[in-house]
Structure formats: C-alpha cells, structure tokens
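Each chain gets a letter, A, B and so on, in the order the sequences are listed, and its residues count up from 1. For the numbers below, each heavy atom of this structure counts, side chains included, while hydrogens, waters and symmetry mates do not. The shown structure was predicted, so the numbers you read here are calculated from the model rather than taken from an experiment.
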2 protein chains.
Amino acid sequence: MLSHKAKYALKALLYLAEQDENHISRTIEIADGANIPKKFLEQILLDLKRGRFVSSKQGKFGGYYLIRSKNDITLAEIHRLFDGAIALLPCASLNFYEPCSDCKTEEECSLRHGLMIIRDETLKAMQGITIASLVKK
Amino acid sequence: MLSHKAKYALKALLYLAEQDENHISRTIEIADGANIPKKFLEQILLDLKRGRFVSSKQGKFGGYYLIRSKNDITLAEIHRLFDGAIALLPCASLNFYEPCSDCKTEEECSLRHGLMIIRDETLKAMQGITIASLVKK
DNA sequence: CTAATTCCTAGTAAATCGATAGAATTAATA
DNA sequence: TATTAATTCTATCGATTTACTAGGAATTAG
C-alpha cells in the first residue's frame, strides 16, 4: 500500500501538471486544491524537490513548479522515493537490495525467485502509469 | 513489502509442502527448518489454520499439516491474509475496499484508475505464484 | 498421571506514520 | 530599509503497527 506521503505527492504532482506552463504554485494553493494538510505537504514538496521532480522559488510570490515532463514521471519513481522498494522483500529488490538474514544462502531461498517475477510485472505496470496518463480526463 | 509474518507464513507453507503426505510437523520442527522464531511461528500457524490453509492435531505427537493443494495456494492469498490489500490504495482494492476521505468524488479521483490497472497486473502475477511453483527446485 | 504439544491472551520495545510547531531564511515591493 | 509573504529547516509528538516474548490453559498419547 502507498503511504499518505506518496499519495499526497502524486496528488501534488498532478496538481502541478495541470497548471499552465510557467505558473508557480504556492503550497497553500496545492494543499487546498488537492486536499492535503498544508504543513505535511511542505515536507513532501521538499522531498520532491530533493528528488528533482520539482523546483521552487523562494520568498514572496514564490512556490513550486515541475521541472520534469509529466510524461516522464512514473508511479514507480514516486513509490521508490517515498515508500522505497517495489519488490515484496529486500532480497528481490533492484534498488533497495538487502540480503535476508533468515536465509542460509540466496540460492536456497525458495521465495526470492517468485518474488522477482512479481517485482518485474509490478514494476512494468508502475512504469506505465505517468503523471500525464493520470492527469488527462 | 511483505511483513515478516507473511514471509514466515510462506516459508512455513513451503516447509509443509515439502513433507511426505500424512506427515505431521511440529512447530519447533518448522521453526528450526525454516529459521523462524518459534513463539512467533505459533501465532502464524494459528492464523493459517483460521484461514483454512492448514489444520492441526493437538496434544502429544500433534502438529500441523496442509489441507489445501500446494498447487492451489497462491501468494495473493497469503498476502491478503497477513498484509491485507494488494492494491496501492484502499479505494482501488477489490477485497479491502474503502473510499478515500480526501477525494471529493470517486470519479474525480485521478489516481484510482491508474492504481486499478496496477492492481490487476500485480494480482495476476501474484496469483501465478503458488506454493508448488516455489517448492520445486 | 505425565509429557508433549497446540491454543490463547497479554505485554512490550522499537520503529514508523501522519502530522504539527515554530523559527530561520529568502525575496519582492512599497 | 521595512514589511510582507513565501519557502526551508529542525524538532517533536501521539498513535499505531510490528516483531516478538512470556506464561499458562487445554488437549492428547501413552
């Protein structure tokens, strides 16, 4: 399941993607528009900024704007930024790999192979969903 | 990601699936064989029993055994029993549906549709992985 | 009756989540 | 330069969940 953070991030990106080119959106504007607690959204926007999805202008008349194409941002990326691995266990993860402590050897782990199949399918599906694909009504 | 509970449950089912027909496995035997904390495993086996995946014999020489075909038990079912919804948000879930509180209307929710596509793909992949498919080396 | 096992209920320490608070920093403009 | 409006940063907090652990009751075979 997605965390609230990831969900809110997606909604915020959706909101930004719907704005005119060159429009800068204030946090409060996004919060109201997408029904997100403002202070919580602040943190999320900072995370999105650190992840180089958006950039910001500070001070009066400042705010946030997309710096990547909405056709380019996928659900998989947002999931990874906020909720981490897409695989069901770290030992089956591409980007968040960690060995399992309770398996004797990786070869012997009977789960890993199946989980990698699922990861591949889920990842493919998640990479197919972009901000642009969601925004169009 | 899978919880430890779900992971241990899968490993326990795998262990049971590898035993001879009519063999009854004690908790301690499964715990040692699959590297699972025994007391924790007790609870998990009870959950699996309530979910009608296994049954038990009580008292001395008691233990657990599979009551469903290993070809029939899928990762999707185990996920749902221990970790709940497969969809990324409750509003996109088949078995754990709940409306989102932060969407005005369900139609208007731009996330839901994309998440349902992902759910369908993930579910299909998860239903393709059975205990039997994992057990064979 | 005894030993070995499942079954049941609590409890607990640590982590995570969802948020809130408040102040520092930055920038536009009057 | 002072004011105002915004982002940015750091810290904290309460509730929930997670991953166990503990202890004992119930059950059964011999």
Separation of atom [atom1] in [X] from atom [atom2] in [N], rounded to whole Å:
X: A:Leu41; N: D:dT7; atom1: CG; atom2: C1'; value: 12 Å
X: B:Leu45; N: D:dA19; atom1: CG; atom2: C1'; value: 16 Å
X: A:Leu46; N: C:dT26; atom1: CG; atom2: C1'; value: 14 Å
X: A:Met1; N: C:dT16; atom1: CE; atom2: C1'; value: 16 Å
X: A:Leu89; N: D:dT18; atom1: CG; atom2: P; value: 15 Å
X: B:Asp47; N: D:dC20; atom1: CG; atom2: C1'; value: 14 Å
X: A:Arg50; N: D:dT7; atom1: CZ; atom2: P; value: 14 Å
X: B:Glu29; N: C:dA4; atom1: CD; atom2: P; value: 16 Å

Could you work out which one of [options] sits closest to the side chain of [X]?
X: B:Lys57; options: D:dA29, D:dA6, C:dT20; value: D:dA29
X: A:Thr27; options: D:dT28, D:dT7, C:dA28; value: D:dT7
X: B:Pro37; options: D:dA19, D:dT21, C:dC7; value: D:dT21
X: A:Arg26; options: C:dC7, D:dA6, C:dA19; value: D:dA6

**Request:** With DNA chain D as reference, determine whether A:Ser25 or B:Phe40 sits nearer its 5' end, using the nearest nucleotide of each.
**Result:** A:Ser25
**Prompt:** Are the side chain of A:His113 and the backbone N or O of B:Leu134 linked by a donor-acceptor pair below 3.5 Å?
**Reply:** no
Any carboxylate oxygen within less than 4.0 angstrom of a Lys/Arg side-chain nitrogen, looking at [X] and [Y]?
X: B:Glu121; Y: B:Lys124; answer: yes
X: B:Asp47; Y: B:Lys5; answer: yes
X: A:Arg52; Y: A:Glu77; answer: no

Think [X] has a side-chain N or O under 4.0 angstrom from the OP1 or OP2 of [N]?
X: B:Tyr8; N: D:dA19; answer: no
X: A:Lys49; N: D:dT8; answer: yes
X: B:Tyr64; N: C:dC7; answer: yes
X: B:His4; N: D:dC20; answer: yes

Mark yes or no for a side-chain to base donor-acceptor pair under 3.5 Å between [X] and [N], with no hydrogen or angle criteria applied.
X: B:Glu42; N: C:dC7; result: yes
X: B:Gln43; N: D:dT21; result: yes
X: A:Lys39; N: C:dG18; result: no

What nucleic acid atoms does [X] come within less than 4.0 Å of, heavy atoms only: base, sugar-phosphate, or nothing?
X: A:Gly62; answer: sugar-phosphate
X: A:Phe82; answer: nothing
X: A:Phe61; answer: sugar-phosphate
X: A:Lys7; answer: nothing

**Distance-only side-chain donor-acceptor flag, B:Thr130 / B:Asn71, under 3.5 Å** = no
**Message:** Side chains of B:Tyr15 and B:Glu29: any donor to acceptor distance under 3.5 Å?
**Reply:** yes
**Fill in**
Closest to the 5' end of DNA chain C, once A:Gln58 and A:Asp83 are matched to their nearest nucleotides, is A:Asp83
**Prompt:** A:Gly59 or A:Leu2: which one's nearest nucleotide on DNA chain C is closer to the 5' end?
**Reply:** A:Leu2
